[in-house]
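All heavy atoms count here, side chains included; hydrogens, waters and symmetry mates do not. All chains are named by letter (A, B, ...) in the order of the sequence lines, taking the proteins before the strands, and each is independently numbered beginning at 1.
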Amino acid sequence: MSMQVILAQALLGLNVGVFYAMLSLGLAVIFGLLNIINFAHGAMYMLGAFVALIGYSLLDDWFGISLQIGFWASLIVAPLFVGILGMIIERTMLKRLYELDHIYGLLLTFGITLILQGLFSNYFNISGTPYPGQPESLSGVVNLSFMYFPTYRLFAIVFSIVVCFATWFVIEHTRLGSRLRAGVENPTLTQAFGLNVPLMITLTFGFGCALAGLAGVLAAPIYSVSPLMGADLIIVVFAVVVIGGMGSIMGAILTGLALGLVEGITKVVYPPAASTVIFFLMVLVLLFRPAGLFGKER
Amino acid sequence: MFNQRKLLHGIVAGLGLMVAAGPLSAAEGLSDGKVKIGVLSDMSGVYKSLEGPGAVVAAKMAVEDFGGKVLDKPIEIVSADHQNKPDIGASTAREWIDAKQVDMITALDNSSVALAVQGLASEKKVITMDTGAGTTALTEDQCTPYGIHYVYDTHALPVGTATAMVKNGGKKWFFITADYAFGHSLQENTSAVVKSLDGEVVGNVNAPLGTTDFSSYLLQAQSSGADVIGLANAGQDTVNAIKQANQFRIVQSGQKLAGMLVFITDIQSMGLDIAQGLQFTTAFVWNQDDEAETWSRRYYEKQGAMPTMVQAGVYSAVTNYLKAIEAVGSDDPDAVRKQLGEMELNDMFVKGGKILPNGLMLHDMYLVEAKKPDESKEDWDLLKVISKIPAEQAYIPLSESKCSLLK
C-alpha cells in the first residue's frame, strides 16, 4: 500500500470531512447557545442545495421569472433563504418549547425534516438531480503530484475551512460573540444590561441553519441534489457532534475534519468498515469520555 | 351485540373469499373483453431515462400501430413506478393481475424487481416480457413458463465488450459493482469471460445503487493496478462513475474504463467529449438501418429523445405479443406463450429472433463505440457499430441452460 494511495484517500476524506465540520458546527452553535437538538439540520442542508438547483435551472419553468441565479450568487442567496426559514421556525414554533424537555425540540425538528423531505420527494427524483451550475472557472483539475484532484473539490475544502474558522473566531473572540455567550450563560442578567436576548437567539438559530444551507450549496456540484441527501448525512454528523462534545465550537470543527480523514483512510485499510468506523469511535468516546473529546462535564 | 359482531365477521370473511377467488377466466376469446398491458418501470430514479416514461410511449406506439384493437377488442396500456423496490413492484403487479385483469407485464428494469414480478406473475399465469432487467437468473435458475427475457442479459453484455478489451491487452480487471442482483450477476459473468481469455480479476468494490460520489471507489480501482476498470452498473450510476473518472484523470493516467451496460441516453448525458472511444454491447442502435431509423424518428417526435435498446424492445415485445394473440385467437396465456415460441420475430428491433422454451429471446447483439465529437453528424448521432455478435455466441446455449423447465 503506497503513501500515494493513502494521501489520495485522505484528501477525499477531508473533502467529506469539511461537510461534517460545517454541519456539526451549526449543530454545535445551536445546541451550545439554545440547548436545542436540531434534527432539521439535515433538511436545511438539503434545502440549501435545492435553492441553488431551483435558482439555477427552474425559476423560469416554475415561476416564470427569467432569472438565473448562478453558483456564486447561490452561495449568498441559499444561506439567506435557509437562514430566514430557520428564524421563522424558531419564532413561530421552537420558541414555545424552550421551557420543556430537549426531546420536544428534537421531535418537532424531526417532524419538520419529514415534511420537507416529503415535499421535495414529490417533485424531485430520489436518486438525485445533477447540479448544472458549477462555474467554468472551477471545472478544471489540479495536479497534486500524488493525484489529480478536481479544482472544485479543492475550492470546497478551502472555502469550508475558512467559513468554519471565521465562525469560531466570531463566537469566541469578538464582542458580538461574547454577548451571545453571556446571553446563554445568564439570560436574565444579560437582558438587564439592555441586550435583546430573544432576538440574539433567533439570529443564532438562523445563522446555524444558514451554515447548513451553505454546506448544501457547496455539496450540490459534487453530489447530486436529492431530497434524502441530508438524511444520509445527519446521522453521521450527530455522531461527530457526540464525539467532539455537544456545544464545543472548535471541537465540532476539528472532529468533523478528523473523522472525514479517518473515514478516508479506513477506505484504504479495510474498505467495508468505512461506513461504520465513526460509530465505532463514538462508542469508544462515550465509554471513556462521555462528555466528548472537547466537551466539558456540566 | 355479540351476535351482530359475529355476523359482521361472517360478511367480511365472505367478501374476502370472493375477492380471493377472483374472476373465472374463459379459455376462448379475450378473458375480459380487452387486452391490458402493464408497463412497470422505474419512473423517477436512476433508470428513469433509459426505460421509464419512454417505455410507456413505446408501448402506446405499438398499440397505435396495431390499430388500437386486437380480435376487435380494445387494447389498454397501464403504467406504474416500481421505484426500484421489489416489494412495491410485486404489490403493483399483484394489484394489476388480481384487480385490473392485466394480461401481460413489460419493461421491468431492475433485476430484483424483475425476479419478484416474474415469479409472482407466472404463479398467476400472466406473461411477462422483460425488456429492462439484466440478470440471467430470469431464464436460468429462476426461469418460469410465462417469463420472457427480451432485450439483453448479463451473459450477452460481456461477451462483446470484455472479449474486445482483453484482446486489446486489458488483462487485469477491477470491478465497481452495483450492489444488488444485477450488478453481482454482471460481475460474475464478466469475470468468467475475462478468465476464459487468460485475463485476471484483481479486485472489486460494491457501491450501493444510486451512489453519487464514486471518487473513493475509483481511487481504489486506480491503486489496484488493473488495466481495466469494469463498471458493473447501469444508468445514472454509470454516468456518474465515468464523469468522475474523467475528473480524477483515471483514463488519462493509463487505465481503461469498460461500461458493461451502457445506454445511448447515458452517452447523451455525458457528452461525446467524455464518452468518446467507450466500447460497449447493445441490442439496438437507433440508426442501425433504415427501418430502425424511421421508427426511432417517430419515437423522437413524441419523447424528445432517441430510444434506448430497452425502449425499442418494449415496442417490439408488445407488437409481437399482440400478433401472437391474433394468431391464436385468444389471450389464453398458455396458447399465446406457445405461439410466441413458434414465431420468428422480425421488426425494426430484431431480425430472426426466437423465443426459447426457457424464455430467452435469442437475437444478435452489437459491439459499438461512442463516436469522436467530430464524427457525430447530429445531436443523437453518437454510436458506431464495430461488429455484430451472433446470437449463438452472445447468449447461453439451450444445451447449457440450468432452467428447470428444460429437464
Side-chain angles (χ1 to χ4, degrees), chain A residues 1-13 15-16 19 49 121-132 134 138-144 146-154 219-229 232 260 263-269 271-272 274-275, chain B residues 42-49 52-53 81-85 88 110 174 176 178-179 203-225 233-237 239-240 243-255 266 269-271 273-274:
Chain A
M1 200 169 304
S2 68
M3 200 58 213
Q4 193 179 344
V5 179
I6 297 176
L7 272 176
Q9 290 285 10
L11 193 58
L12 277 179
N15 191 194
V16 181
F19 290 110
S121 317
N122 220 0
Y123 295 105
F124 291 93
N125 81 54
I126 295 281
S127 53
T129 313
Y131 175 73
Q134 180 181 320
L138 297 175
S139 65
V141 173
V142 184
N143 187 353
L144 298 173
F146 59 93
M147 73 182 300
Y148 289 96
F149 204 72
T151 316
Y152 179 80
R153 286 180 188 244
L154 216 53
I222 301 181
Y223 312 105
S224 292
V225 182
S226 119
L228 298 182
M229 63 193 289
D232 296 343
E263 207 182 72
I265 292 168
T266 313
K267 278 183 179 147
V268 189
V269 183
S275 54
Chain B
D42 175 1
M43 300 286 180
S44 58
V46 277
Y47 301 149
K48 178 185 174 185
S49 61
D81 185 357
H82 61 50
Q83 299 176 26
N84 288 313
K85 291 177 184 151
I88 292 184
N110 189 315
F174 184 98
I176 296 177
D179 198 4
N204 82 295
V205 57
N206 295 328
L209 179 64
T211 295
T212 50
D213 184 12
F214 279 90
S215 54
S216 78
Y217 304 120
L218 287 164
L219 289 190
Q220 281 178 48
Q222 190 172 37
S223 59
S224 70
N233 49 21
Q236 194 62 46
D237 282 358
V239 174
N240 283 340
K243 271 188 182 167
Q244 284 163 20
N246 184 59
Q247 284 178 4
F248 285 90
R249 293 289 185 267
I250 303 274
V251 176
Q252 290 83 340
S253 312
Q255 280 173 311
D266 302 338
S269 128
M270 281 181 253
D273 280 335
I274 293 177

Task: Pairwise distance CZ(A/Phe149) to CG(B/Leu219) - rounded to 0.5 angstrom - done: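 Result: 8.5 Å between the selected atoms.
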Task: B/Ser216 side, atom OG; A/Leu12 side, atom CG - distance, nearest 0.5 Å - done: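 Reported to 0.5 Å precision, the distance equals 6.5 Å.
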Open item on the list: Report which part of B/Gln244 has an atom under 4.5 Å of a heavy atom belonging to chain A: side chain, backbone, both, or neither.
Closed with: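 B/Gln244 touches chain A through side-chain heavy atoms alone.
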Task: Proximal component of B/Ser269, with respect to chain A [non-hydrogen, under 4.5 Å] - done: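 Contact with chain A: none, neither part.
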- [ ] Name the option with the most non-hydrogen atom pairs under 4.5 Å to chain A; the candidates are B/Gln252, B/Met43, B/Gln83, B/Gln247.
- [x]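 Top count of heavy-atom pairs under 4.5 Å with chain A: B/Gln247.
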- [ ] Considering non-hydrogen atoms only, spot the tightest contact between B/Gln220 and A/Lys267 and give its length.
- [x]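 Scanning both residues completely, I find the closest heavy atoms to be NE2-O, 3.8 Å.
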Task: Side-chain touch A/Arg153/B/Ser215, heavy atoms, less than 4.5 angstrom - done: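 Touching, per the 4.5 Å side-chain cut-off.
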- [ ] Report yes if some heavy atom in the side chain of B/Gln236 is under 4.5 Å from a heavy atom in the side chain of A/Pro130; otherwise report no.
- [x]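 Sidechains of A/Pro130 and B/Gln236: in contact.
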Open item on the list: Please check if the number of heavy atoms outside A/Tyr148 that lie under 6.0 Å from its OH is greater than 12.
Closed with: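 For A/Tyr148, atom OH is not crowded (no more than 12 foreign heavy atoms under 6.0 Å).
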